[in-house]
> 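Before anything else, here's the structure in question.
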Amino acid sequence: MVALRGEGPLKLGGTLRVSVAGAESNVAIGLARLGHRVHWTGAVGADEAGELVLRTLRAEGVEVSGATRDATAPTGLLLFEPRLPEVTRVHYYRTGSAGSRPAPAAVERVFATAPPRVLHLTGITPALGPAARATAGHALRLARRYSTLVCLDVNFRARLWTADEAAEVLRGWLPSVDVLIASGDELPLCLPGPAGDPAEDAARLLALGVREVVLTHGADGATAFTGAGGPHHQPAVPVRAVDPVGAGDAFVAGYLSALLDGADLAGRLARAATTGAFAAASRGDWEGAPTRAELSLLGAPPGTVVR
Ligand code: ADP
Ligand code: KDG
């Protein structure tokens, strides 16, 4: 999507800053900055907004040859409205957008060209409508066929669908998911019954075939459950947080980056916490994502100048 960021209440008008957003493209950029080969597939309109999306991804080193330009639908749009220092409202203009009806053929092309080691999906895509849901489901089937590891970030968006709708789709997907990432309040959407203790809930998901369940808790860090040993808690890296949007996506990028590097669970969580903290400390969805060389910058004392 194209993202427009305001400076105050939207109804008062004023200046909007133009950028690009979307949970999956945030993860793609995060991984590309860390030096991984990433292919983003989806749809934009055959319009200048779509050019901005593709151009941005390309500039960040993300492969977009599997993306489609839909001449019959506009590129999706999102407005961020900072309403209070602690509250940002999001307004979506995505109904009928190109991104709400990505073609399964585009995903097939990507798998046929070079089957990925990891497929990353979020719960936002199926919320966009039946076509997006079907294409995401198709990607899951392709991942099984090509033995691609599947990572799903629940990313529940109440403005796009109801909890019941989300639960129905996500529970159907779970047997195909290897790594499940969710915040504590999203976990009930994935459970086949009422939620209880997080460790027991995670155990139920592991019994369904999920290999790793990672629960994120904002500034309180994250906890991973794998079935091997007890839960592993990863504290957040303390930073001066200025914008929480995109922290979850950055966390996923760090986690998958370390996973692709062959790191163990502690290493995956440590890199995830680092990239998540970078995002929380930077304005924008993905702009603050670190390169590999920048990972060590966190924790420098105030006033540090790198010369
Ligand atoms: P989401 O954006 O999906 O809701 P979270 O807010 O739980 O995800 O953030 C994901 C991860 O990003 C956290 O587990 C943590 O490691 C990191 N993070 C988020 N907020 C902060 C913060 N204020 N300070 C440091 N790290 C943070
Ligand atoms: O995680 C950040 C996303 O929330 C943002 O980029 C927009 O994908 C988005 C959404 O639907 O909320």
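No hydrogens, no waters, no symmetry mates; every other heavy atom, side chains included, goes into these values. Count residues from 1 along the sequence.
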> Could you tell me if the side chain of L4 sits less than 4.5 Å from the side chain of V18, heavy atoms only?
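Yes, close enough: below the 4.5 Å cut-off.
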
> Just do the side chain to side chain contact (heavy atoms under 4.5 Å, CB included) check on S100 and R94 with the steps written out, would you?
CA-CA 7 Å; S100 71; R94 307 172 90 165; 5.7 Å; no

> Using the rule given for side chain to side chain contact (heavy atoms under 4.5 Å, CB included), can you reason through W173 versus L121, listing the C-alpha separation, both sets of side-chain angles and the distance that settles it, and then say yes or no?
CA-CA 11 Å; W173 281 9; L121 292 172; 4.1 Å; yes

> Over all heavy atoms of both residues, which pair between L52 and S19 is shortest? Give the atoms and the distance, please.
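Minimum heavy-atom contact is CD2-O, 4.0 Å.
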
> Are V154 and W161 co-members of a hydrophobic cluster defined by side-chain heavy atoms under 4.5 Å apart?
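Same cluster: W161 reaches V154 through Ile, Leu, Val, Met, Phe, Trp or Tyr contacts under 4.5 Å.
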
> Would you mind reporting whether F278 and V237 have side-chain heavy atoms less than 4.5 Å apart?
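Answer no - side chains too far apart.
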
> How close do G218 and A236 get, heavy atom to heavy atom, and via which atoms?
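Heavy atoms only, the tightest pair is O-CB, 4.0 Å.
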
> Quick check for you: to the nearest 0.5 Å, what is the distance between L128 atom CG and R101 atom CZ?
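The CZ atom of R101 is 12.5 Å from CG of L128, to the nearest 0.5 Å.
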
> Any side-chain to backbone donor/acceptor pair from R83 onto T88? Under 3.5 Å, distance only.
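No, R83 side chain to T88 backbone: no donor-acceptor pair under 3.5 Å.
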
> How close do A139 and V107 get, heavy atom to heavy atom, and via which atoms?
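Looks like CB-CG1, 3.7 Å.
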
> Quick one: side chains of residues 249-260, donor-acceptor pairs under 3.5 Å with protein atoms, not counting sequence neighbours, listed by atom name and distance.
residue	atom	partner	partner atom	Å
D249	OD2	N26	ND2	2.8
Y255	OH	E212	OE1	2.3
Y255	OH	R268	NE	3.3
S257	OG	H36	NE2	2.8
S257	OG	R271	NH1	2.7

> To the nearest 0.5 Å, what is the distance between CG on L34 and OG1 on T275?
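L34 CG to T275 OG1: 7.0 Å, rounded to 0.5 Å.
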
> Please find the pair of heavy atoms, one from T41 and one from A106, that lie closest to each other, and give the distance.
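Closest approach of T41 to A106, heavy atoms only: OG1-CB, 3.8 Å.
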
> CG of N155 to CD1 of I181: how many Å apart, nearest 0.5 Å?
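It comes to 9.5 Å.
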
> Is a donor on one side and an acceptor on the other found under 3.5 Å between the side chain of T122 and the backbone of A23?
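Absent.
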
> Would you say L180 and L140 are hydrophobically clustered, going by side-chain heavy atoms of ILVMFWY under 4.5 Å?
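Same cluster.
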
> Short question: side chain of T68, backbone of D70 - any donor-acceptor pair under 3.5 Å?
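It does not hold such a pair.
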
> So does E165 have more than 12 non-hydrogen atoms from other groups sitting under 6.0 Å from CD?
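Yes, enclosed.
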
> Applying the 4.5 Å side-chain criterion to the ILVMFWY set and letting contacts propagate, would F156 and V210 be lumped into a single cluster?
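Yes, it is one cluster - the side chains of F156 and V210 are joined through contacts under 4.5 Å.
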
> Could you tell me the separation between the CZ atom of R171 and the CG atom of L205, rounded to the nearest 0.5 Å?
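Answer for the CZ-CG pair, R171 versus L205, is 10.0 Å.
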
> To the nearest 0.5 Å, what is the distance between CZ on R141 and CZ on F111?
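The CZ atom of F111 is 11.5 Å from CZ of R141, to the nearest 0.5 Å.
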
> For L149, does its backbone N or O pair with a side-chain atom of R117 as donor and acceptor, under 3.5 Å?
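No, the answer is negative, given that no donor and acceptor are paired below the 3.5 Å cut-off.
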
> Give the minimum heavy-atom separation between V169 and R133, together with the two atoms involved.
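It is CG2-CD, 3.7 Å.
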
> Is R55 atom CZ crowded by more than 12 heavy atoms from other residues, nucleotides or ligands, each under 6.0 Å away?
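Result for CZ/R55: open.
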
> Identify whether the distance between the nearest side-chain nitrogen and carboxylate oxygen of R283 and D243 falls below 4.0 Å.
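Looking at R283 and D243, the cut-off is not met.
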
> CZ of R292: more than 12 outside heavy atoms within 6.0 angstrom?
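Yes - once you tally the heavy atoms of other residues, nucleotides and ligands closer than 6.0 Å, there are more than 12.
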
> Can you find a side-chain donor-acceptor pair between T162 and D164 that sits under 3.5 Å?
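Result is no, nothing qualifies.
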
> Between H39 (side chain) and G66 (backbone), is there a donor-acceptor pair under 3.5 Å?
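It does hold such a pair.
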
> Test of understanding: with salt bridge (Lys or Arg N to Asp or Glu O under 4.0 Å), list the residues that count as partners of E63, not counting sequence neighbours.
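Checked E63 against salt bridge (Lys or Arg N to Asp or Glu O under 4.0 Å); zero matches.
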
> Would L170 and E186 count as a side chain to side chain contact (heavy atoms under 4.5 Å, CB included) here? Give the steps.
CA-CA 11 Å; L170 298 177; E186 289 171 336; over 6 Å; no

> Heavy atoms, side chains only, cut-off 4.5 Å: are W286 and T56 in contact?
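A side-chain contact exists here, since the closest heavy-atom pair is under 4.5 Å.
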
> Under a single-linkage definition using a 4.5 Å side-chain heavy-atom cutoff for Ile, Leu, Val, Met, Phe, Trp and Tyr, are L206 and L215 assigned to the same hydrophobic cluster?
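Cluster IDs for L206 and L215 match.
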
> Distance from T125 atom OG1 to E24 atom CD, nearest 0.5 Å?
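Output value for this atom pair is 4.0 Å.
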
> Would you say T75's side chain and G45's backbone share a donor-acceptor pair under 3.5 angstrom?
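Present.
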
> Would you tabulate the side-chain donor-acceptor contacts of residues 5-16 under 3.5 Å, counting partners in other chains and residues two or more places apart, or write 'none'?
residue	atom	partner	partner atom	Å
R5	NH2	D285	OD1	2.6

> What's the verdict on side chain to side chain contact (heavy atoms under 4.5 Å, CB included) for R159 and V90, showing C-alpha distance, side-chain angles and the deciding distance?
CA-CA 9 Å; R159 291 198 167 195; V90 168; 5.6 Å; no

> Between D178 and V150, is there a donor-acceptor pair closer than 3.5 Å when you use the side chain of the first and the backbone of the second?
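Pair found, side chain donor or acceptor close to backbone of V150.
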
> Whether the side chain of R157 engages the backbone of A127 through a donor-acceptor N/O pair (distance < 3.5 Å, no angle test) should be reported.
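Checking the backbone N and O of A127 against the side chain of R157, no donor-acceptor pair under 3.5 Å is found.
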
> Under a 4.5 Å side-chain heavy-atom rule over Ile, Leu, Val, Met, Phe, Trp and Tyr, are L265 and V177 clustered together?
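Cluster IDs for L265 and V177 differ.
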
> Checking H232 side chain against F225 main chain: does a donor-acceptor pair fall under 3.5 Å?
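No.
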
> If you take all heavy atoms of A43 and A98, which pair is closest and at what distance?
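What the structure gives for the nearest pair is CB-O, 3.4 Å.
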
> Would the distance check show the side chain of T135 and the main-chain N or O of A132 forming a donor-acceptor pair, the cut-off being under 3.5 Å?
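The answer is no, because no donor-acceptor pair under 3.5 Å joins these two groups.
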
> Could you check if a side-chain atom of V239 sits within less than 4.5 angstrom of a side-chain atom of L298, using non-hydrogen atoms only?
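Touching, per the 4.5 Å side-chain cut-off.
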
